[in-house]
A.B. asks: 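Dropping a structure here in structure tokens format, bear with me for questions.
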Amino acid sequence: MTPQQFVQTFDAAMQTQDVLRNWSQAGTDIRKLNPSGVYLKHISLRTIVSTRDKAHPDYDWIHQNHPEWILRDANWNPVPLFLYGEESLDFGNDAYLDWVLNTWMPNNYLDSTDSNANATTWYVLDNGSFQAQYINCAHPVCERYKTDAGVQSALKHLLDRFKARWPNKKILINTGTLSYMAPSQQLPWMKDVLSHSDGYFSESLSNDHSYY
């Protein structure tokens, strides 16, 4: 499809930040071709990754300047969330949020289209697990993330800070229900956390590798 055919067919899509940046530079940014569409740009503020994926905050800068933001286990190893090579962050920390929202986003993440603070642009916050992380903690910072309530309060704080800093930017959470929990167990805290966002993106309803 040409970009024009694409926006005539789809009113919504999820894409990586590099693809959207390339389209913008080529003059074929679908966010401009169809401003009424909901085009979700991938962002992950809970982890940094050794591959230096640009949807994540700056891996090298955090290691050099604020290693205390990285959650570590009793052996002082960084704690992954799901995948090898990722390192979980103290994402409920206001010092981290000050930097990631006020410095990293405008200087490193936002592109020529969404750098306009007045424009309505859409994002999907990845790694929307609302449950406790299993961590043998090495320091008190990670204790917060060993409980469901701690993870959920940190997520709500992150979302509230995001909305306060970027009121015209809409953020959805990539998350899903858990097959091993009854609806009555999980829907109250899902409703609570999601109420601080602009919506919900289900990877398992749209990606073939998440068919389960």
Side-chain angles (χ1 to χ4, degrees), residues 17 41-50 52-74 76-82 86-110 114-118 120-175 189-201:
Q17 72 285 353
K41 185 178 177 181
H42 179 245
I43 189 170
S44 183
L45 300 178
R46 294 186 60 170
T47 60
I48 51 176
V49 290
S50 57
R52 280 72 170 177
D53 184 331
K54 294 179 182 178
H56 299 254
D58 192 316
Y59 180 95
D60 296 311
W61 190 92
I62 289 177
H63 270 266
Q64 292 166 12
N65 295 279
H66 285 283
E68 72 276 10
W69 292 346
I70 302 169
L71 301 187
R72 296 182 182 275
D73 63 20
W76 210 243
N77 295 314
V79 176
L81 185 59
F82 295 119
E86 66 181 2
E87 302 175 9
S88 299
L89 298 174
D90 180 15
F91 62 90
N93 180 339
D94 275 313
Y96 164 69
L97 292 172
D98 286 342
W99 171 78
V100 82
L101 296 173
N102 298 318
T103 301
W104 177 76
M105 276 191 68
N107 295 330
N108 301 97
Y109 175 78
L110 299 178
D114 58 3
S115 60
N116 179 359
N118 296 318
T120 298
T121 47
W122 295 76
Y123 305 85
V124 56
L125 180 66
D126 206 357
N127 298 323
S129 170
F130 302 165
Q131 299 301 100
Q133 292 183 247
Y134 297 100
I135 310 171
N136 181 14
C137 286
H139 56 92
V141 172
C142 74
E143 290 291 338
R144 176 179 192 174
Y145 302 94
K146 289 178 62 177
T147 67
D148 294 349
V151 170
Q152 291 160 24
S153 69
L155 270 172
K156 290 187 289 186
H157 187 57
L158 182 158
L159 292 164
D160 290 345
R161 287 288 310 272
F162 183 99
K163 296 297 293 180
R165 174 63 180 87
W166 304 102
N168 292 318
K169 299 189 182 305
K170 308 296 184 181
I171 189 163
L172 281 68
I173 304 179
N174 179 19
T175 189
W189 47 257
M190 285 197 71
K191 179 181 179 182
D192 181 33
V193 176
L194 289 171
S195 69
H196 294 256
S197 72
D198 295 294
Y200 154 48
F201 175 86

A.B. asks: Could you name each residue pair satisfying salt bridge (Lys or Arg N to Asp or Glu O under 4.0 Å) that touches residues 54-67, not counting sequence neighbours?
C.D. replies: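 As it turns out, the salt bridge (Lys or Arg N to Asp or Glu O under 4.0 Å) pairs with a partner in residues 54-67, which skip direct neighbours, are R52-D60.
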A.B. asks: For E86, enumerate each residue passing the side chain to side chain donor-acceptor pair (under 3.5 Å) test, keeping only those at least two apart in sequence or located in another chain.
C.D. replies: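 By the side chain to side chain donor-acceptor pair (under 3.5 Å) rule, E86 matches no residue at all.
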A.B. asks: Might you work through the side-chain contact (heavy atoms from CB on, under 4.5 Å) test for M105 and D114, ending with a clear yes or no?
C.D. replies: CA-CA 10 Å; M105 276 191 68; D114 58 3; over 6 Å; no
A.B. asks: Take atom CZ of F82 as the centre, draw a 6.0 Å sphere, and report whether it contains more than 12 heavy atoms from other residues, nucleotides or ligands.
C.D. replies: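 More than 12 heavy atoms, drawn from other residues, nucleotides or ligands, come within 6.0 Å of this atom.
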A.B. asks: What distance separates C142 SG from N136 CG, expressed to the nearest 0.5 Å?
C.D. replies: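 The CG atom of N136 is 8.0 Å from SG of C142, to the nearest 0.5 Å.
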A.B. asks: Any side-chain heavy atom of Q133 sitting closer than 4.5 Å to one from V79?
C.D. replies: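 They are in side-chain contact.
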A.B. asks: Is a donor from one side chain sitting under 3.5 angstrom from an acceptor on the other, for Y59 and D53?
C.D. replies: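 Looking only at side-chain atoms, D53 and Y59 do not form any donor-acceptor pair under 3.5 Å.
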A.B. asks: Side-chain contact, heavy-atom cut-off 4.5 Å: Y96 with L45?
C.D. replies: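 Heavy-atom side-chain distance check passes, below 4.5 Å.
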A.B. asks: For a 4.5 angstrom cut-off between non-hydrogen side-chain atoms, does W166 reach P106?
C.D. replies: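 In short, these two side chains touch, coming nearer than 4.5 Å.
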A.B. asks: So do the side chains of V141 and N93 get within less than 4.5 Å of each other, counting heavy atoms only?
C.D. replies: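 Of all side-chain heavy-atom pairs linking N93 with V141, none is under 4.5 Å.
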A.B. asks: List the atom of P67, the atom of R72, and the distance in Å for their closest heavy-atom pair.
C.D. replies: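 Nearest heavy atoms, P67 then R72: O-NE, 4.4 Å.
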A.B. asks: Would you give the length of the straight line joining atom CG of N116 to atom CG of N168, rounded to the nearest 0.5 angstrom?
C.D. replies: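 Rounded to the nearest 0.5 Å, the CG-CG separation comes to 8.5 Å.
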A.B. asks: Sorted by first residue and then second, give each salt bridge (Lys or Arg N to Asp or Glu O under 4.0 Å) pair with at least one member in residues 127-140; sequence neighbours left out.
C.D. replies: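 Every pair satisfying salt bridge (Lys or Arg N to Asp or Glu O under 4.0 Å) with a residue in residues 127-140: there are none.
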A.B. asks: Given 3.5 Å as the limit, does a donor-acceptor pair link the side chain of N107 with the main chain of T103, or not?
C.D. replies: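 Yes, N107 side chain to T103 backbone: donor-acceptor pair under 3.5 Å.
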A.B. asks: What distance do K169 atom NZ and Y123 atom OH have between them, rounded to the nearest 0.5 Å?
C.D. replies: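 Nearest 0.5 Å value for the NZ-OH distance: 3.5 Å.
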A.B. asks: So do the side chains of T175 and V193 get within less than 4.5 Å of each other, counting heavy atoms only?
C.D. replies: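 A side-chain contact under 4.5 Å is absent here.
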A.B. asks: Verify, without hydrogens or angle tests, whether S88 (side chain) and L71 (backbone) share a donor-acceptor contact under 3.5 angstrom.
C.D. replies: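 Not confirmed, S88 side chain does not pair with L71 backbone.
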A.B. asks: What distance separates I171 CD1 from L159 CG, expressed to the nearest 0.5 Å?
C.D. replies: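 With rounding to 0.5 Å, CD1 (I171) is 5.5 Å from CG (L159).
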A.B. asks: Indicate the ring-plane relationship of H56 and H42, choosing parallel, tilted or perpendicular according to the 30° and 60° boundaries.
C.D. replies: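 H56 vs H42 ring planes: perpendicular.
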A.B. asks: Check W99 against P57 and note the closest heavy-atom contact, atom names and distance.
C.D. replies: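 Closest pair (atom of W99, atom of P57, distance): CZ3-CB, 3.8 Å.
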A.B. asks: When rounded to the nearest 0.5 angstrom, what is the spacing between NZ in K41 and OG1 in T121?
C.D. replies: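 Nearest 0.5 Å value for the NZ-OG1 distance: 8.0 Å.
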A.B. asks: For H66, which residues count as a side-chain contact (heavy atoms from CB on, under 4.5 Å) partner, sequence neighbours excluded?
C.D. replies: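 W61, E68, W69.
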A.B. asks: Report yes if the side chains of F201 and W122 come closer than 4.5 Å at any heavy-atom pair, otherwise no.
C.D. replies: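 The answer is no; the side chains never approach within 4.5 Å.
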A.B. asks: To the closest 0.5 Å, what do you measure between CG (L101) and CG (L97)?
C.D. replies: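 Atom-to-atom, L101:CG and L97:CG are 5.5 Å apart.
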A.B. asks: Heavy atoms only: give me the nearest Y145-I135 pair and the separation to one decimal.
C.D. replies: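 Answer, listing the atom of Y145 first, then I135: CB-CD1, 4.4 Å.
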A.B. asks: List the steps and the verdict of side-chain contact (heavy atoms from CB on, under 4.5 Å) for F91 and L155.
C.D. replies: CA-CA 8 Å; F91 62 90; L155 270 172; 3.9 Å; yes
A.B. asks: Sequence neighbours left out, what passes side chain to side chain donor-acceptor pair (under 3.5 Å) with N127? Give chain and number order.
C.D. replies: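 Applying side chain to side chain donor-acceptor pair (under 3.5 Å) to N127 gives S44.
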A.B. asks: Sub-3.5 Å donor-acceptor pair from the side chain of E87 to the main-chain atoms of I48, do we have one?
C.D. replies: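 Not at all, since once roles are kept as given, no pair shorter than 3.5 Å links the two residues.
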A.B. asks: How would you list all residue pairs meeting salt bridge (Lys or Arg N to Asp or Glu O under 4.0 Å) that involve residues 155-167, not counting sequence neighbours?
C.D. replies: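 Listed once each, the pairs are D94-R161, D98-R161, K156-D192, K163-D198.
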A.B. asks: Taking N174 for its side chain and G128 for its backbone only, find out whether a donor-acceptor pair lies under 3.5 Å.
C.D. replies: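 Looks like no, no N/O pair under 3.5 Å.
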A.B. asks: Quick one: are H63 and I70 in side-chain contact, heavy atoms under 4.5 Å?
C.D. replies: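 The answer is yes; the side chains approach within 4.5 Å.
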A.B. asks: I need the minimum non-hydrogen distance between R144 and S153, along with the two atoms involved.
C.D. replies: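 So the minimum-distance heavy-atom pair works out to NH2-OG, 3.2 Å.
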A.B. asks: Looking at side-chain heavy atoms only, is the closest gap between H196 and F162 below 4.5 Å?
C.D. replies: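 The answer is no; the side chains never approach within 4.5 Å.
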